[in-house]
Protein chains: 2
Amino acid sequence: METTSRYLDALISELSHLPGIGHKSASRIAFYLLKATDEEVEQFIKAIRDIKTHITSCSRCGGISDAPVCAICEDPAREHSTICVVEQQKDILAIERTGGYRGLYHVLGGVLAPLDGVGPDDLSIEKLKRRCLDEHISEVIIATNPTMEGDATALYLARILKELGVEVMRIAHGLPVGADLDFADSATIVRSIQSRVKI
Amino acid sequence: METTSRYLDALISELSHLPGIGHKSASRIAFYLLKATDEEVEQFIKAIRDIKTHITSCSRCGGISDAPVCAICEDPAREHSTICVVEQQKDILAIERTGGYRGLYHVLGGVLAPLDGVGPDDLSIEKLKRRCLDEHISEVIIATNPTMEGDATALYLARILKELGVEVMRIAHGLPVGADLDFADSATIVRSIQSRVKI
């Protein structure tokens, strides 16, 4: 036993599993929760439960949403002729934070990774093709991460989407290769979108 | 709304209140919890609830405990003639992590702070005096933080405990003044205990 309570030890261990939380941060948070009022803790627990019960995926773009169609897809002020393709739902947040993009999104749900057994059918690619046709999309910006798989997926998508008469763009280099879109700063993300190049 | 879900926004806001968690870390953790299985989330919630329902304060030293008397006070292998006085329960963890101290503890519950209305009766001082007599304590090491209030509290305790015939020591300087014991590295804490000076 590390502290004088096995319950505190258990919570510190749980907190250590969270991304970016080391053992010392976990201890501080555990003590913070120990000292918090019951109401504060119940409010925290309710907030965690709520995301599991109320959040769904947007039936159109696949992003997170409280309703069948998300606020971005429903927003008439966005450019509905442009789709930005991202790997994960959280990548939408990374781009939205910059305020530098006004089109729609499409969540692939990953990248092509033959070695891991992830092929085109495991990603939301057929749906993207249907969207390009049904929603009269003129431009698709591929914002997969600048990793080997992300680049390969971008090339694959470019090939099949061009056949549909869609202009396919790739966000510009500028993100460190091998990095994660979610970690990039806003200025880098905006620049990579503005200076996107045709592939 | 910052994300496309007000429930995710709410959780990110809750997480941002935790110590050491900024807005970006909060987003990452929220997405992590969104992707975690229901079982993982329920286990996490149970760990939080458990600390509120099962943890109490040790009736002897005031440290955190699952039982009426904590594991440190109950441990026959510890030196039961020495008490280390700390401000907060979490300070015990900071010292225990070093493995460099084998005596008992006493949690004051704060420091004397006349400007904030905290006097001797608001701290666990009477109980410390009783412990010194009842438990035949020969040495008290005062490990309040090296802040103005922590030093003043140390001097106050030294004065009243010396009257009981107890040797009163202060952990050595070495911690940056104004810092928090909980943030110090283990080597600094061990050294400050080893080179304690009489006051």
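In the text below, chain A, chain B and the rest are named by the order of the sequence lines, each starting its count at 1.
- Looking only at atom types and distance, the side chain of Q89(A) has a donor-acceptor partner in the side chain of K35(B) under 3.5 Å away.
- In this structure, the separation between CG on L93(B) and CZ on R28(A) is 11.0 Å, given to the nearest 0.5 Å.
- Both L164(A) and V140(A) are assigned to one and the same hydrophobic cluster, defined by single-linkage of ILVMFWY side chains at heavy-atom distances under 4.5 Å.
- Using a 4.0 Å cut-off between a side-chain N of Lys or Arg and a carboxylate O of Asp or Glu, R49(B) and E42(A) qualify as a salt bridge.
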Please report the C-alpha distance between L11(A) and D50(B) in whole Å, then the side-chain angles of each, then the deciding distance to 0.1 Å, and finally whether the side-chain contact (heavy atoms from CB on, under 4.5 Å) criterion is met.
CA-CA 8 Å; L11(A) 180 59; D50(B) 278 351; over 6 Å; no
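- Counting heavy-atom pairs under 4.5 Å between each of I72(B), L18(B), I12(B) and chain A puts L18(B) at the top.
- The distance from atom CD1 of I45(A) to atom NZ of K52(B), rounded to the nearest 0.5 Å, is 9.5 Å.
- Only the side chain of I55(B) comes within contact range of chain A, judged by heavy atoms closer than 4.5 Å.
- Here the straight-line distance linking atom CG of L15(A) with atom CD1 of I48(B) works out to 6.5 Å at 0.5 Å rounding.
- Summarising the geometry, atom CD1 belonging to I51(A) is positioned 6.0 Å from atom CG belonging to L8(B); distances are rounded to the nearest 0.5 Å.
- V111(A) and M148(A) sit in two unconnected hydrophobic clusters of ILVMFWY residues. Membership requires side-chain heavy atoms under 4.5 Å apart, directly or through other members.
- When the candidates Q88(A), H17(A), E40(A) are compared by the number of heavy-atom contacts under 4.5 Å with chain B, H17(A) comes out ahead.
- Both V85(A) and L133(A) are members of a single hydrophobic cluster when ILVMFWY side chains are connected at heavy-atom separations under 4.5 Å.
- To the nearest 0.5 Å, the span separating OG1 on T4(A) from CD1 on I64(B) amounts to 4.0 Å.
- Of the two parts of I92(B), neither the backbone nor the side chain holds a non-hydrogen atom closer than 4.5 Å to a non-hydrogen atom of chain A.
- Distance check, rounded to the nearest 0.5 Å: CD of E2(A) to CD of E96(B) gives 10.0 Å.
- With a threshold of 4.5 angstrom between heavy atoms, S27(B) approaches chain A through side-chain atoms but not through N, CA, C or O.
- No part of K46(B) comes within reach of chain A, as not one of its non-hydrogen atoms sits under 4.5 angstrom from that chain.
- Looking at K90(A), both its backbone and its side chain come within 4.5 Å of chain B, counting heavy atoms on both sides.
- Proximity to chain A involves both the backbone and the side chain of F44(B), based on heavy atoms less than 4.5 angstrom apart.
- Heavy atoms closer than 4.5 Å to chain A are found nowhere in A67(B), neither backbone nor side chain.
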